[in-house]
Asker: 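Let me give you the structure first, and then I'll get to my questions.
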Amino acid sequence: MQAASRESYKVAAERLDAYVRGAEPSAVAATADDILSVAALLRREPRLRRALSDPARSGDDRSGLLTGILTGKVGAAALDLLAALVSGRWSAPSELLDGTERLGVEALLAGADKAGELGEVEDELFRFGQVVSGSADLSNALSDPIAPAEQRAGLARELLAGKARPVTVRLVEAALAGFGGRSFIGAVARLVELAADRRDRQVAYVTVAAPLSDEEERRLGARLSAMYGREVSVKQTVNPEVLGGVSVRVGSDLYDGTVLRRLNETRNALAKR
């Protein structure tokens, strides 16, 4: 987002945090669902996106337009948060859509946090992303742009039935809708990071040839926490092709100590002789 859009989003996000402090988790979840339903409306209606982000209109005019459309169709809390969102300045209609989606996702995460479930939701999202990444057929089925969104969401709900919390399922649906303009796998990864961030943690993606023991994972997490000055949430991927060692990615930082990397470096050095 550009600066004006970021500032407008920040105002709405602060109002969301204030609302969450005094609301029950179930009420927050319902408000999140309302906000995401409006995001879906904005995705379908480009003319409405343009009208609600039109810089020629005053903030009051834009929030009044939104209120007129949504009154009686979403809850009062969602309406208040969305009015705050559209009354700000937006650099482009697409950024208003991104901001609405992000607000709905943050509301889902905040509700899960208040219910004491956010850590489990983070893990469920990561594991589902791993399952999809590991199956070309499943990845293609969930990412197929030609398949109706509801059909893909139905497949995800079937796969997650009895294995994930309702908020996880709703977040997966947001990923399937293209959260933030990302691919499905990219959107799931971003949701994992947002969940960790709300718990004041950094995500470390760790690739190993064989699973780390609980103690090895704990020691690695402690070392990374000391490096980054923040608690680290370790997410393991097992890939026998790396042969041994550990690859760790934290944000844009990559620490690759795998046997595969060393073999490739040796092969490349020999090829240059």
Side-chain angles (χ1 to χ4, degrees), residues 1 5-6 9 12-13 16 29 32-44 49 85 92-113 117-160 163-199 201-205 207 233 235-237 249-252:
M1 288 184 186
S5 298
R6 286 197 302 271
Y9 177 78
L16 170 64
D33 200 54
D34 282 345
I35 295 172
L36 288 172
S37 70
V38 173
L41 173 66
L42 294 178
R43 191 179 301 109
R44 295 192 305 268
R49 285 201 306 271
L85 194 71
S94 61
E95 295 196 352
L96 173 61
L97 172 58
D98 289 345
T100 307
E101 286 182 322
R102 173 73 182 270
L103 193 68
V105 161
E106 290 289 0
L108 282 175
L109 296 174
D113 192 20
E117 298 181 340
L118 188 53
E120 289 80 4
V121 168
E122 180 186 321
D123 287 339
E124 288 170 357
L125 283 169
F126 176 72
R127 288 197 297 269
F128 188 63
Q130 291 294 100
V131 169
V132 175
S133 296
S135 168
D137 289 343
L138 184 54
S139 180
N140 290 337
L142 290 175
S143 303
D144 184 0
I146 298 176
E150 183 51 39
Q151 177 181 314
R152 290 183 284 120
L155 173 59
R157 287 193 291 269
E158 182 180 336
L159 291 167
L160 290 168
K163 301 173 184 176
R165 289 160 175 75
V167 65
T168 303
V169 177
R170 191 67 184 90
L171 288 164
V172 167
E173 291 174 352
L176 286 167
F179 174 59
R182 298 172 177 85
S183 66
F184 174 66
I185 294 300
V188 170
R190 180 58 178 149
L191 291 170
V192 170
E193 291 163 1
L194 289 174
D197 187 62
R198 182 164 280 277
R199 297 198 299 142
R201 291 170 177 254
Q202 189 90 16
V203 175
Y205 295 100
T207 303
S233 183
K235 304 300 181 189
Q236 282 192 61
T237 298
R249 180 172 64 81
V250 181
S252 60

Asker: Could you measure the distance from the CG atom of Leu109 to the CZ atom of Arg199? Nearest 0.5 Å is fine.
Answerer: 11.0 Å
Asker: Is a salt bridge present between Arg157 and Glu150, judged by a nitrogen-to-oxygen distance below 4.0 Å?
Answerer: yes
Asker: CG/Leu85 to CG/Leu16 distance, rounded to the nearest 0.5 angstrom?
Answerer: 10.5 Å
Asker: Go through the steps to decide whether Leu142 and Phe128 satisfy the test side chain to side chain contact (heavy atoms under 4.5 Å, CB included), and finish with yes or no.
Answerer: CA-CA 12 Å; Leu142 290 175; Phe128 188 63; 4.1 Å; yes
Asker: Of all heavy-atom pairs between Leu176 and Ala156, which one has the smallest distance, and what is that distance?
Answerer: CD1-CB, 3.8 Å
Asker: Counting C-beta onward and ignoring hydrogens, is there a side-chain heavy-atom pair between Arg198 and Glu106 closer than 4.5 Å?
Answerer: yes
Asker: Quick one: closest heavy-atom pair of Ala174 and Val105, and the distance?
Answerer: CB-CG2, 4.3 Å
Asker: Can Arg182 be said to sit on top of Phe184's aromatic six-ring, NZ or CZ under 6.0 Å from centre and within 45° of the ring axis?
Answerer: no
Asker: Nearest 0.5 angstrom please: Leu41 CG to Leu36 CG, how far?
Answerer: 12.5 Å
Asker: Between Asp144 and Asn140, is there a donor-acceptor pair closer than 3.5 Å when you use the side chain of the first and the backbone of the second?
Answerer: no
Asker: To the nearest 0.5 angstrom, please state how far the CD atom of Glu122 sits from the CZ atom of Arg127.
Answerer: 10.5 Å
Asker: Of all heavy-atom pairs between Ala32 and Ala107, which one has the smallest distance, and what is that distance?
Answerer: CB-CB, 3.5 Å
Asker: Dump the intermediate steps for side chain to side chain contact (heavy atoms under 4.5 Å, CB included) on Asp123 and Val192, then the final yes or no.
Answerer: CA-CA 8 Å; Asp123 287 339; Val192 170; over 6 Å; no
Asker: Between Leu138 and Leu155, does the side chain to side chain contact (heavy atoms under 4.5 Å, CB included) criterion hold? Intermediate values first, please.
Answerer: CA-CA 9 Å; Leu138 184 54; Leu155 173 59; 4.2 Å; yes
Asker: With side chain to side chain contact (heavy atoms under 4.5 Å, CB included) as the test, would you mind laying out the steps for Phe179 and Arg102 before giving the verdict?
Answerer: CA-CA 8 Å; Phe179 174 59; Arg102 173 73 182 270; 4.2 Å; yes
Asker: Looking at Ala39 and Glu101, what are the two nearest heavy atoms and their distance?
Answerer: CB-CG, 3.8 Å
Asker: How far does OG of Ser143 sit from CD1 of Ile185, to the nearest 0.5 angstrom?
Answerer: 6.0 Å
Asker: Between Arg152 and Glu173, is the closest basic N to carboxylate O distance under 4.0 Å?
Answerer: no
Asker: Measure the spacing between CD of Glu95 and CG of Leu97 and express it to the nearest 0.5 Å.
Answerer: 10.5 Å
Asker: Could you tell me which non-hydrogen atom of Ala112 sits nearest to which non-hydrogen atom of Val121, and how far apart they are?
Answerer: CB-CG2, 4.2 Å
Asker: Can a donor-acceptor pair be found between the side chains of Thr237 and Gln130 at a distance below 3.5 Å?
Answerer: yes
Asker: Look at the side chain of Glu193 and the backbone N and O of Val203, then say whether any donor-acceptor pair between them is shorter than 3.5 Å.
Answerer: no
Asker: Check for a donor-acceptor pair, side chain of Arg49 on one end and backbone N or O of Leu42 on the other, with a separation under 3.5 Å.
Answerer: yes
Asker: Inspect the contact between Lys163 and Glu124 and indicate whether a charged nitrogen and a carboxylate oxygen are less than 4.0 angstrom apart.
Answerer: no
Asker: Testing the basics here: between Ala177 and Arg43, what is the closest heavy-atom pair and its distance to 0.1 Å?
Answerer: O-NE, 3.7 Å
Asker: Measure from the side-chain N and O atoms of Ser139 to the backbone N and O of Ser135, and report whether any donor-acceptor pair falls under 3.5 Å.
Answerer: no
